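All values derive from a computational prediction rather than experimental measurement.
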Amino acid sequence: LVLVGDSPCLYTCERCRLLFRDPRPSNAELRSFYAETQRAPAAPTPADARIYRRHRNHLYDRLDLVPRENRLGEHRRALDVGCGNGLNLEVLARRGWQVEGVDPNPEQVEALVEDGWTAAVADLHQAATERWRGQRYNLVTLLHVIEHLSDPLAMIRSLAAVLAPGGALVIETPLCCDLGNLDHLFFFSGTSLRILLRRAGFVWHAHHMYVAHRYAHDNLLVMATKAQ
């Protein structure tokens with residue numbers, strides 16, 4: 001491990017180049033932080049919403065990498081982890097997916113349910129949630145979530161357990177290091193994310209980078225499939 005710059009709490013792994021906080025807030029501290037600040041993500045501007053839809057659709061267009069039997073008919077099930085305001089649920093539903101979402105924010109989940117979406121509250125710091133056990137999805141999305149997780153590898157492995165063989169995992173994360181966000185615990189690069197996915201039993205298939213107006217940095221979109 002190498003201390004980064006003058007920061008007293010930012011380290012990098014020399015092998016995979018993953019940046020991370022140390023010490024990190026405990027799960028209890030993070031829950032308290034979310035509860036006190038009620039950090040519901042701000043709704044994107046119409047311009048950014050169009051950017052998100054365009055670039056995510058660009059990657060979803062490449063879901064032909066998912067075996068056909070996993071994409072059609074009753075098998076076309078998608079889970080959006082950290083579904084937030086439901087923008088990605090909308091994108092996937094328009095593409096014909098049967099979508100479900102989970103999010104730690106009760107107010108956002110309540111609003112989604114009122115709008116007719118299937119959504120539930122889930123603690124994303126507990127990788128193996130009861131709601132997912134026994135379920136099988138053909139697509140799982142994790143958009144601007146992995147940088148918030150206390151144990152990203154455990155979460156990705158738990159998602160592998162609910163994906164059908166050959167199912168796809170789509171991850172989006174910012175390519176920046178913003179220590180001003182207490183809840184950003186890990187700062188991934190393409191290299192470190194590729195290593196994480198391989199350790200969790202996934203095969204990297206495609207990636208895409210873009211910049212949204214509200215952020216002055218790249219977002220990395222990655223699609224990987226569950227190794228069979």
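Looking at every heavy atom in both residues, A122 comes nearest to V102 through CB-CB, 3.9 Å. Of all the heavy atoms in L221 and E172, the pair that sits closest is CG-OE1, 3.1 Å. Annotation for L112 and N85: closest pair CD2-O, 3.6 Å, computed over non-hydrogen atoms. Of all heavy-atom pairs spanning T173 and E147, the tightest one is OG1-OE1, 2.9 Å. Nearest heavy atoms, L185 versus H148: CD1-O, 3.6 Å. Across S150 and P152, no two heavy atoms sit closer than the pair C-CD, 3.8 Å.
Not one N or O on the side chain of K226 forms a donor-acceptor pair closer than 3.5 Å with the backbone of G167. Judged purely by atom type and a 3.5 angstrom limit, D103 uses its side chain to pair as donor or acceptor with the backbone of G84. Remark: the backbone N or O of V91 is not paired with any side-chain donor or acceptor of R53 at under 3.5 angstrom. Between the side chain of R199 and the backbone N or O of R194 there is no donor-acceptor pair closer than 3.5 Å.
R94 pairs by the side chain to side chain donor-acceptor pair (under 3.5 Å) definition with E90, not counting sequence neighbours. Judged as a side-chain contact (heavy atoms from CB on, under 4.5 Å), and not counting sequence neighbours, the contacts of A78 are L92, W97, V99, L139.
Note: E110 CD to D115 CG = 11.0 Å, rounded to the nearest 0.5 Å. Distance CD/Q135 to CZ/R77: 5.0 Å, rounded to 0.5 Å. Here F202 contributes atom CZ and L159 contributes atom CG; the two are 6.5 Å apart, rounded to the nearest 0.5 Å. If you take CG on L79 and CD on Q98, they are separated by 13.0 Å, rounding to the nearest 0.5 Å.
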Check step by step if side chain to side chain contact (heavy atoms under 4.5 Å, CB included) holds for I171 and F188. CA-CA 11 Å; I171 294 176; F188 287 91; over 6 Å; no
Step by step, would you call L142 with I156 a side chain to side chain contact (heavy atoms under 4.5 Å, CB included)? CA-CA 9 Å; L142 202 69; I156 300 303; 3.7 Å; yes
Residue pair L87, L143: steps toward the side chain to side chain contact (heavy atoms under 4.5 Å, CB included) verdict: CA-CA 11 Å; L87 177 62; L143 308 180; over 6 Å; no
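Of the candidates N105, T141, N88, L89, L89 is the only one forming a side-chain contact (heavy atoms from CB on, under 4.5 Å) with C83.
The hydrophobic cluster containing V203 does not contain Y137, counting ILVMFWY residues as joined when their side-chain heavy atoms lie under 4.5 angstrom apart, directly or transitively.
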